[in-house]
Novice: 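Let me give you the structure first, and then I'll get to my questions.
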Amino acid sequence: MALIVQKYGGTSVGSVERIRNVAKRIARYHREGHQLVVVVSAMSGETNRLLALAKELAPEPNPRELDVVAATGEQVTIGLLAIALEATGHKAKSYTGGQIRVLTDSAFTKARILSIDEDRIRTDLAAGIIVVVAGFQGVDSAGNITTLGRGGSDTSGVALAAALKADECQIYTDVDGVYTTDPRIVPEARRLDTVTFEEMLEMASLGSKVLQIRSVEFAGKYNVKLRVLSSFEDPESTSHGTLITFEEDDTMEQAIISGIAFNRDEAKISLMGVEDRPGIAYSIVGPIAAANVDVDMIVQNIGASGHTDFSFTVNRNEYQQALDVLAAERGKSFKAREIIGDKRICKVSVVGIGMRSHVGIASRMFKALADEGINIQMISTSEIKISVVIDEKYLELAVRVLHRAFELDTPPKAA
Ligand code: ASP
Ligand code: MG
């Protein structure tokens, strides 16, 4: 008997029929003797619909109230799923984030989980009850409803698995695992049987939408065994999806590059002709961070005649805010000849732990892009990834040629 946390995303619970199907799968695991905690998202499209309602009333709604509105989506699904489970003769009980006391900080719309009170869950599980918990939401110490950021139900699932020391956290979604890249762009993309935790972390942060980045960080920190599976397969299916592993196992497939990730949600800001002096980077990025805007890739040129250029990328929906912050600071903490923004960019990355032990990955990547006449605007690297910023219009082409250049359409040979 195992304690399993299952998380179902919005498309998996997108209709009454699908909820019924999810209930069947849960019932199967329950029949096999496992204890189950199930975390669900709002029905697909629901969170967008709710947020759009709020934005009809005010262009920048109060974040506290946005969370009050957005959190209702998940409350609907937990109730419906518990009803579906009871209708098939299973004991089930639904809880909102606040009821189970998923305690978070007070950063509305992107709160972080601080603790989870697992006593009530354990009592229910011991009584044979299937516990259904609303993803994406929590409560701060003052009792305010908070949400964890878009896609946050993954994090709820992993956090619950960590708190309960679950044997496995299964993330059910509309794809049957983690792919070498998005199959909608490259039909030859392959499902990976395993991917290392570090690669997954990179892929999630680089915009591979299978898992929310925070959920992967959480899984790493608390050693949660994470598996990505499809909720669209037959509820009796025993498909294994993709397991996120912690060690590099020699007996497993060894690819140099595991995947091509991309992100269309970024924008680039360049400050031309800033002074080349100690503290300049801080005077630019400091105020941006203080406004709670995440800065991603940063590039600073070599200085010439006391001046330099400084570029960075931010999330596209925080782009205007970043520009406003810079406009307010310009002439105060820094001077710049010109500030140029560009929203029509994207980021494409190759990811793989094999990069640690192989040379020539960057040159292979740059050649593949050069052969297609794709200009690289920014480059950044880590131990296991190389990212480039390019014109948005070349995104699909770039992903396709890189997938081919690294032969990702054919399975790697066992080492
Ligand atoms: N319903 C939330 C969203 O759409 C959370 C989630 O689905 O994970 O972002
Ligand atoms: Mg999701």
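Values below: all heavy atoms of this structure, side chains included; hydrogens, waters and symmetry mates excluded. As the structure lists them, so they are numbered: ligands from 1, and atoms in each ligand from 1.
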Novice: Can you confirm whether Met378 sits close enough to Val388 that some side-chain heavy atom of one is under 4.5 Å from a side-chain heavy atom of the other?
Specialist: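 No, side chains not in contact.
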Novice: Does Phe136 reach ligand 1 with a nitrogen or oxygen that is under 3.5 Å from one of the ligand's nitrogen or oxygen atoms?
Specialist: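 Checking ligand 1 against Phe136, no N or O pair falls under 3.5 Å apart.
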Novice: Of all the heavy atoms in Gly152, does at least one lie under 4.0 Å from an atom in ligand 1?
Specialist: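 Yes; Gly152 lies near enough to ligand 1 that a heavy-atom distance drops under 4.0 Å.
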Novice: For Arg150 and ligand 1, does the shortest N/O to N/O distance drop below 3.5 Å?
Specialist: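 Yes; at least one N/O pair falls below 3.5 Å.
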Novice: Look at Lys7 together with Asp154 and state whether they make a salt bridge at an N to O cut-off of under 4.0 Å.
Specialist: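 Yes, this pair counts.
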Novice: Looking only at heavy atoms, is any part of Glu74 under 4.0 Å from ligand 1, and if so is it the side chain, the backbone, or both, or is it neither?
Specialist: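 It is the side chain that touches ligand 1; the backbone stays farther off.
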Novice: Testing the 3.5 Å rule here: is there a donor-acceptor pair between the side chains of Ser349 and Ser387?
Specialist: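 Side chains of Ser349 and Ser387: pair found under 3.5 Å.
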Novice: Please examine the side chains of Thr194 and Thr196, heavy atoms only from C-beta on, and report whether any two atoms are closer than 4.5 Å.
Specialist: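 Of all side-chain heavy-atom pairs linking Thr194 with Thr196, none is under 4.5 Å.
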Novice: Below the 3.5 angstrom mark, is there an N/O of Lys7, backbone or side chain, next to an N/O of ligand 1?
Specialist: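 Between Lys7 and ligand 1, no N or O pair is found under 3.5 Å apart.
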Novice: Consider ligand 1: state whether an atom of it lies below 4.0 angstrom from any non-hydrogen atom of Gly151.
Specialist: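 Right, Gly151 reaches ligand 1.
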Novice: Using a distance-only test with no angle check, is there a side-chain donor-acceptor pair under 3.5 angstrom linking Tyr172 and Gln170?
Specialist: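 Gln170 and Tyr172 do have a side-chain donor-acceptor pair below 3.5 Å.
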